[in-house]
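Here is the structure we will look at, set down as structure tokens.
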Amino acid sequence: MNKSKVLVLGYFGYVTNQLDGQTVKTRSIYELLKSKEKKTGFILSFLDTQTFQTNRSDVLKMFTMVCKTDILVYIAAHNNLKYFFPIIYLIAKVRRIPIHYIVVGGWLAEFIKNKPLHIHMLRKIKGIYPETKDLKNKLQTIYNFSNVYQLNNFRIGDHGLQADQSDKSDKNQLKLVYMARVHPMKGVDVLFHLADDLKSSNIHSVSIDIYGPIFDEYEQEFEEKLKKNGLVKYKGILQPVDIQKTLSEYDIMLFPTRYFTEGFPGSILDSFYAGVPVISTKWKYADEFIDDGHCGIISPFDNESAFIENVKSLIGNPKIINELKKGALKQALKFSPEVAWDVLEENMFTK
């Protein structure tokens, strides 16, 4: 293969070191491609669209870089897709540049519902890569897209290293962890209600730690709740290189989200890699990623009391937790970078 130029265009969040599902996935895609650069024979570059917030001239730089690339890996969210994609599409069409659109989350089908121009353009690009089966099916059946390939979320780096840690829950204290945006819609309040319930039930052998960026408008309320509730602790924001090692110190990941259209949350994937099972509300795609009873527990959506009872049911049951931990490690294998690379290689470089 000739030295093709590949541009990854997306929201990396390097300007402020923003860490969330969008930025982590964008960085993971870039890192995966970078690891294959020599083997595959392409030249890789990227543009972090977060720079648009401080340097408007980078918008022009984006269009210039698109003009000069041979393959475009496009990882855009709502605003970029809505406003910039039509121009990017025209440039790519004129210069015959294949566009591979990697979707973060499960919102695309609803977003383009009343956007016929975007529907037309997306139907014509080289590939669209959703992370859920449901979104893949919707794009194919509702919009008649024939260029859709499911690309599971993944993480770069060693996983499965905690396979010998499954007996950690035999200790006296059960360590629970939440790692995601600290936002009411992520169900953070449920953690405080869980703590209150444990106290009223005279259960003291449990800890609850929270990691993640705090939503600005929720910060004051969150800090007040922390002061009132000594059981829940906020531990800050983890850097990507520290996530799996830190998570491996815990027994169970809590994911009480109120976002019904979550895609494949990175915190759940990170938990599997660390051998930590997940208790999650049943968001739209939960069944695709959590094997209920084997690598975690799926709790009814928008049912706080059921979620709390599912957590309490594991307290004092180390054998069940250990089996769930083993299942989490097995589940991680389904979402390896090797599996993701097979999809990208087949559709980007062999067609």
Side-chain angles (χ1 to χ4, degrees), residues 21 105-106 132 169 173-212 214-215 218 221-222 224-226 228-235 247 250-272 274-325 327-328 331:
T132 68
S169 55
Q173 187 178 62
L174 185 67
K175 297 184 68 176
L176 309 178
V177 63
Y178 167 97
M179 190 186 72
R181 283 186 301 132
V182 181
H183 191 295
M185 285 299 293
K186 286 288 189 177
V188 175
D189 288 350
V190 177
L191 306 180
F192 292 102
H193 298 158
L194 168 62
D196 291 338
D197 190 287
L198 293 174
K199 287 181 179 179
S200 65
S201 301
N202 202 30
I203 298 174
H204 304 289
S205 57
V206 179
S207 65
I208 304 173
D209 291 343
I210 293 176
Y211 296 88
I214 304 172
F215 178 52
Y218 183 60
E221 180 182 346
F222 178 63
E224 291 174 355
K225 289 178 180 294
L226 288 172
K228 293 179 181 178
N229 191 310
L231 179 58
V232 181
K233 306 292 185 183
Y234 178 62
K235 297 296 188 72
L247 286 182
Y250 291 89
D251 298 299
I252 300 171
M253 165 69 73
L254 303 179
F255 193 74
T257 185
R258 294 190 175 100
Y259 282 113
F260 188 63
T261 57
E262 296 266 8
F264 185 5
S267 58
I268 291 180
L269 179 58
D270 287 320
S271 296
F272 291 158
V276 179
V278 180
I279 298 180
S280 172
T281 50
K282 186 178 174 63
W283 88 95
K284 190 173 185 178
Y285 308 112
D287 290 326
E288 285 192 35
F289 307 114
I290 302 174
D291 189 356
D292 189 25
H294 295 277
C295 64
I297 295 175
I298 300 176
S299 189
F301 189 78
D302 202 22
N303 189 331
E304 183 177 303
S305 60
F307 187 92
I308 291 173
E309 287 304 313
N310 277 321
V311 175
K312 291 173 67 177
S313 70
L314 292 180
I315 298 174
N317 285 290
K319 290 184 179 180
I320 295 177
I321 294 173
N322 287 337
E323 289 303 310
L324 290 173
K325 287 185 174 186
Q331 192 77 350

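Using a 4.5 Å heavy-atom cutoff, the side chains of Ser205 and Leu174 are not in contact. Tyr178 has its side chain out of reach of Tyr250: every pair of non-hydrogen atoms, C-beta onward, lies at least 4.5 Å apart. Proximity of Asp287 to Lys282: side-chain heavy atoms (C-beta onward) are separated by under 4.5 Å at one or more points. Taking 4.5 Å as the limit, some side-chain heavy atom of Leu226 sits within range of a side-chain heavy atom of Phe192. Residues Lys225 and Tyr218 have side chains in contact (heavy-atom distance under 4.5 Å, counting atoms from C-beta outward). Two residues are said to be in side-chain contact when any heavy atoms from C-beta on lie closer than 4.5 Å; Lys233 and Ser207 fail this criterion. Between Asn229 and Ile208, the closest side-chain pair of non-hydrogen atoms is not below 4.5 Å. Here the side chains of Asp251 and Leu314 are not in contact, with every heavy-atom distance at 4.5 Å or above.
In this structure, Phe289 and Phe264 have parallel ring planes: the angle between them is below the 30° cut-off, well short of the 60° mark.
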### Message
Applying side chain to side chain contact (heavy atoms under 4.5 Å, CB included) to Phe222 and Val232, what does each step give before you reach the verdict?
### Response
CA-CA 11 Å; Phe222 178 63; Val232 181; 5.6 Å; no

### Message
If you apply the rule side chain to side chain donor-acceptor pair (under 3.5 Å), what do you find for Asp292 with His294, and how did you get there?
### Response
CA-CA 6 Å; Asp292 189 25; His294 295 277; over 6 Å; no

### Task
Output, in order, the C-alpha distance, side-chain angles, deciding distance and verdict of side chain to side chain contact (heavy atoms under 4.5 Å, CB included) for Ile315 and Leu198.
CA-CA 10 Å; Ile315 298 174; Leu198 293 174; 3.6 Å; yes

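Scanning both residues, Arg258 and Phe301, for their nearest heavy atoms gives O-CZ, 3.4 Å. Considering all non-hydrogen atoms of both residues, Thr281 and Thr257 come closest at OG1-O, 2.8 Å. Looking at every heavy atom in both residues, Ile279 comes nearest to Phe307 through O-CE1, 3.4 Å. Counting all heavy atoms, side chain and backbone alike, Pro300 lies closest to Asn310 at CD-ND2, 4.5 Å. Of all non-hydrogen atoms in Trp283 and Gly263, the two that sit nearest each other are NE1-O, 3.2 Å. Across every non-hydrogen atom of Pro277 and Ala328, the tightest pair is N-CB, 4.0 Å.
In Lys199, the NZ atom is crowded: over 12 heavy atoms of neighbouring residues, nucleotides or ligands sit closer than 6.0 Å.
Looking at Ser267, its side chain does come within 3.5 Å of a backbone N or O of Met179 through a donor-acceptor pair. Not a single donor-acceptor pair under 3.5 Å links the side chain of Arg181 to the backbone N or O of Phe215. Side-chain atoms of Tyr234 come within 3.5 Å of backbone N or O of Gly212 as a donor-acceptor pair. In this structure, the side chain of Asn317 does not engage the main chain of Ile320 through any donor-acceptor pair within 3.5 Å. No donor-acceptor distance shorter than 3.5 angstrom exists from the side chain of Thr261 to the backbone of Gly106, with no hydrogens or angles considered.
For the atom pair Leu194 CG and Ile203 CD1, the distance stands at 9.0 Å (nearest 0.5 Å). Taking OG from Ser271 and NZ from Lys325, the interatomic distance works out to 11.5 Å, rounded to the nearest 0.5 Å. Distance CG/Leu191 to CG/Leu176: 9.0 Å, rounded to 0.5 Å. Annotation: the span from Glu309 atom CD to Asn303 atom CG amounts to 10.0 Å, rounded to 0.5 Å. Between the CE atom in Met253 and the CG atom in Leu247 there is a gap of 5.0 Å [rounded to 0.5 Å]. The structure places NE2 of His193 at 10.5 Å from CG of Asp197, a figure rounded to the nearest 0.5 Å.
Phe260 does not carry Lys284 over the face of its six-membered ring by the limits of under 6.0 Å from the centre and within 45° of the normal.
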